[in-house]
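What you are looking at is a predicted structure, and each value in this text was computed from that prediction instead of being measured. In listed order, ligands and their atoms are each counted from 1.
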Amino acid sequence: MDTTTLDTTVSNADFLATVATKSDGAALRGDYTHADEHYVVQQNWAAYTEEEHELWRKLYQRQMSLLPGRACDEFIEALLQMNAANGIPEFEKTSKELYAATGWTIVAVPGLIPELTFFEHLANRRFPVTVWLRKPEEFNYIVEPDVFHDFFGHVPMLFNPVFADYMQLYGKGGLKAMKLGGLDQLARLYWYTVEFGLINTKDGMRIYGAGILSSGGEVEFCLTPGTTSRHIHLDIERCLNTLYKIDSYQETYFVIDSFQELFDGTAPDFKPYYDKLKLGEAFPANSLLPGEVELLP
Ligand code: PHE
Ligand code: CO
């Protein structure tokens, strides 16, 4: 299937307008001056400083001390094979291994990119990874995604064939949602699965969402029983209709039993969902609806 024929050119002015509604309106951090029409840049690996490599190692070690028994096996196994412990990785090396495993590649980007461009990359099995690393004072918390979040959090899961296929279909679904007015709904699915998803395994509940896996505090919080946050089984319509918080731990986590379940559940045409949900009110981030079961009481 070829989606490369779509026009991906988005003017800078359009993009900055898009971004202003997403963040606090401040200037984006990345350097967009060398980006091509797909917002792709060179990683320029040789330009990272020794201090940045050292900060990466510290971030990596801290996360790895938290992940055993919490991250899903698929994530940990792929991460270990990626040999990313010793400093900021060279994207091209991992990209070759990833391509051999699932046909995905990594492309370097300056930071946040326009929705259309993002969906186009995913639809063509290209994952955009931000090139810059956070500052030392942002060790625990960062607003915009940096290379640690994008690479450490997202890339390992792309080695899993079913999840990799899900991500591509998500990109195609994004292009479709743009035409159908379903972007708000579809963004919630990304948030609650790709970024903050949990999965039941034979060993217990585990994390597969990149937003959790790259975060110091939420790794522990999201699997702690008895917090005020919900852990409910993923229902696609419910998820598409649930608001989320971007500046606190999640108040609802959606839990799947397998990546195949995620893939199969999202395969149907979403147009009926969009048509229906556009007309109503979305659920607050902390809802527990009648009949829903808290899976981590
Ligand atoms: N099936 C969805 C649609 O028709 C597309 C999609 C697939 C969305 C996978 C998300 C994940 O719009
Ligand atoms: Co992310």
Query raised in the report: Looking only at protein heavy atoms, which one is nearest to atom 7 (C) of ligand 1, and how far off is it?
Result: T266 O, 3.3 Å

Query raised in the report: Just checking, is any N or O donor in the side chain of T201 or D203 under 3.5 Å from an acceptor N or O on the other one?
Result: no

Query raised in the report: Looking only at side chains, do E144 and H149 share a donor and an acceptor under 3.5 Å apart?
Result: no

Query - Main-chain N/O of F283 paired with T242 side-chain donor or acceptor, under 3.5 Å - result: no

Query - A267 contact mode with ligand 1 (heavy-atom cut-off under 4.0 Å) - result: backbone

Report task. Could you tell me which atoms of ligand 1, counted from 1 in the order shown, lie closer than 4.0 angstrom to a heavy atom of L189? Result -> 10 (C)

Requested in this report: Heavy-atom contacts with D269 under 4.0 Å: which atoms of ligand 1 show up? List them by number with element.
Outcome: 4 (O)

Query raised in the report: In ligand 1, which numbered atoms sit nearer than 4.0 Å to a non-hydrogen atom of P268?
Result: 1 (N), 2 (C), 3 (C), 4 (O)

Query - Exercise: do H231 and E294 side chains pair donor with acceptor under 3.5 Å - result: yes

Query raised in the report: Which angle, to the nearest 10 degrees, do you find at the Co ion (ligand 2) between NE2 in H149 and NE2 in H154?
Result: 100°

Requested in this report: Would you mind running through ligand 1 and noting each atom that sits below 4.0 Å from a heavy atom of L169?
Outcome: 6 (C), 7 (C), 9 (C)

Query raised in the report: With a 4.0 Å cut-off on heavy atoms, does L186 reach ligand 1?
Result: yes

**Report entry** Parallel, tilted or perpendicular: ring planes of Y166 versus F163, cut at 30 and 60 degrees
**Finding:** tilted

Query raised in the report: Are side-chain N/O atoms of Q250 and W191 paired as donor and acceptor at under 3.5 Å?
Result: yes

Requested in this report: Give yes if a backbone or side-chain nitrogen or oxygen of Y166 is under 3.5 Å from a nitrogen or oxygen of ligand 1, and no if not.
Outcome: no

Query raised in the report: Under 4.0 Å between a Lys/Arg side-chain N and an Asp/Glu carboxylate O for R62 and E220?
Result: no

Query raised in the report: Looking at E138 and K135, does any basic side-chain N land under 4.0 Å from a carboxylate oxygen?
Result: no

Query - Electrostatic pair R238:E292 at N-O distance under 4.0 angstrom - result: yes

Report task. Flag K176 as yes when one of its N or O atoms lies below 3.5 Å from any N or O atom of ligand 1, and as no otherwise. Result -> yes

Query raised in the report: Which N/O/S atom belongs to E195 and is the closest one to the Co ion (ligand 2)?
Result: OE2

Report summary line: The atoms of ligand 1 lying under 4.0 Å from a heavy atom of G173, numbered in the order shown, are 5 (C)

Report task. Using distance alone, determine whether F270 and ligand 1 share an N or O pair under 3.5 Å. Result -> yes

